[in-house]
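This report concerns only the one structure given below.
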Amino acid sequence: MMMKTKRSKATDISASVKQRVFERDGGRCVVCGNAYNVEPNAHILSRAKGGLGIETNIVTLCNLLTTNKCHHKFDNGTKVQHNEILKIITRYMKEQYPGWNIEDQKYKKWSDR
């Protein structure tokens, strides 16, 4: 059985975080407003960059089954698409959490998290 690293555990999204994010986001994609085929599982700061699986780093986005495909465009689209979506998400997160900063969403190896 393979053990997860501390970083891997820290970037996972728990069911309770998904539930809180889904409720915070009103069950809608925070980018386009779709209320169907949405999931609260998009890391704002990606896991690859150490993005934590915490409420302030996760948003609800629509998936590939929708016209807008916001999650797909955010993760796999052009740099322009990613940056446009990131701008919308950043604005939204700052409304939800005054003082929100993307750098605060990163796993820090030597912190007490």
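The first residue in the sequence is number 1, and the count goes up from there.
- Looking at Thr90, its side chain does come within 3.5 Å of a backbone N or O of Leu86 through a donor-acceptor pair.
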List, one per line, each side-chain donor-acceptor pair under 3.5 Å for residues 49-56, sequence neighbours excluded.
residue : atom : partner : partner atom : Å
Glu55   : OE1  : Arg20   : NE           : 2.7
Glu55   : OE2  : Tyr97   : OH           : 3.1
Thr56   : OG1  : Gln105  : OE1          : 2.5

What pairs of donor and acceptor atoms, side-chain ones from residues 25-32 against any protein atom, are under 3.5 angstrom apart with sequence neighbours left out?
residue : atom : partner : partner atom : Å
Asp25   : OD1  : Tyr92   : OH           : 2.6
Asp25   : OD2  : Thr60   : N            : 2.8
Asp25   : OD2  : Thr60   : OG1          : 2.9
Arg28   : NH1  : Gly33   : O            : 2.7

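- Hydrophobic clustering (ILVMFWY, side-chain heavy atoms < 4.5 Å, transitive): Ile102 and Val21 are in distinct clusters.
- Counting Ile, Leu, Val, Met, Phe, Trp and Tyr side chains that sit under 4.5 Å apart, directly or through other members, Tyr36 stands alone, with no cluster partners.
- Here Val80 sits alone; no ILVMFWY side chain lies under 4.5 Å from its own, so it joins no hydrophobic cluster.
- Clustering ILVMFWY residues whenever any of their side-chain heavy atoms sit less than 4.5 angstrom apart, transitively, puts Trp100 in the very cluster that holds Ile89.
- At distances below 3.5 Å, not a single donor-acceptor pair connects side-chain atoms of Lys106 with backbone N or O atoms of Leu45.
- In this view, Arg91 satisfies the salt bridge (charged side-chain N to carboxylate O under 4.0 Å, His left out) rule with no residue, not counting sequence neighbours.
- Val59 has its side chain within reach of Arg24: a pair of non-hydrogen atoms, C-beta onward, lies under 4.5 Å apart.
- Distance check, rounded to the nearest 0.5 Å: CG of Asn37 to SG of Cys70 gives 12.0 Å.
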Yes or no on side-chain contact (heavy atoms from CB on, under 4.5 Å) for Ile44 and Ile58, after CA distance, side-chain angles and deciding distance?
CA-CA 6 Å; Ile44 302 165; Ile58 306 300; over 6 Å; no
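- The backbone N or O of Glu103 sits less than 3.5 Å from a side-chain atom of Asn101, completing a donor-acceptor pair.
- Remark: Glu39 pairs with Asn41, Asn63 by the side-chain hydrogen bond (donor to acceptor under 3.5 Å, both in side chains) rule, at least two apart or across chains.
- For Asn76, the side-chain contact (heavy atoms from CB on, under 4.5 Å) criterion is met by His72, not counting sequence neighbours.
- Annotation: side-chain hydrogen bond (donor to acceptor under 3.5 Å, both in side chains) contacts of Ser16 (sequence neighbours excluded): Ser14.
- Tyr107 has its side chain within reach of Lys6: a pair of non-hydrogen atoms, C-beta onward, lies under 4.5 Å apart.
- Checking side-chain atoms of His43 against main-chain N and O of Thr11 turns up a donor-acceptor pair under 3.5 Å.
- Partners of Asp75 by salt bridge (charged side-chain N to carboxylate O under 4.0 Å, His left out), not counting sequence neighbours: none found.
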Going through the checks in order, is the side-chain contact (heavy atoms from CB on, under 4.5 Å) test met by Phe74 and Ile88?
CA-CA 11 Å; Phe74 186 57; Ile88 294 166; over 6 Å; no
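- Evaluation of the salt bridge (charged side-chain N to carboxylate O under 4.0 Å, His left out) test over residues 57-69, restricted to residues two or more places apart or in two chains, returns none.
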Should His71 and Val38 be marked as a side-chain contact (heavy atoms from CB on, under 4.5 Å) after you check the CA-CA gap, both sets of side-chain angles, and the distance that decides it?
CA-CA 9 Å; His71 195 169; Val38 297; over 6 Å; no
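- In this view, Arg47 and Asp12 satisfy the salt bridge (charged side-chain N to carboxylate O under 4.0 Å, His left out) rule, not counting sequence neighbours.
- Taking Ser46 as the reference, nothing meets the side-chain hydrogen bond (donor to acceptor under 3.5 Å, both in side chains) condition, with sequence neighbours excluded.
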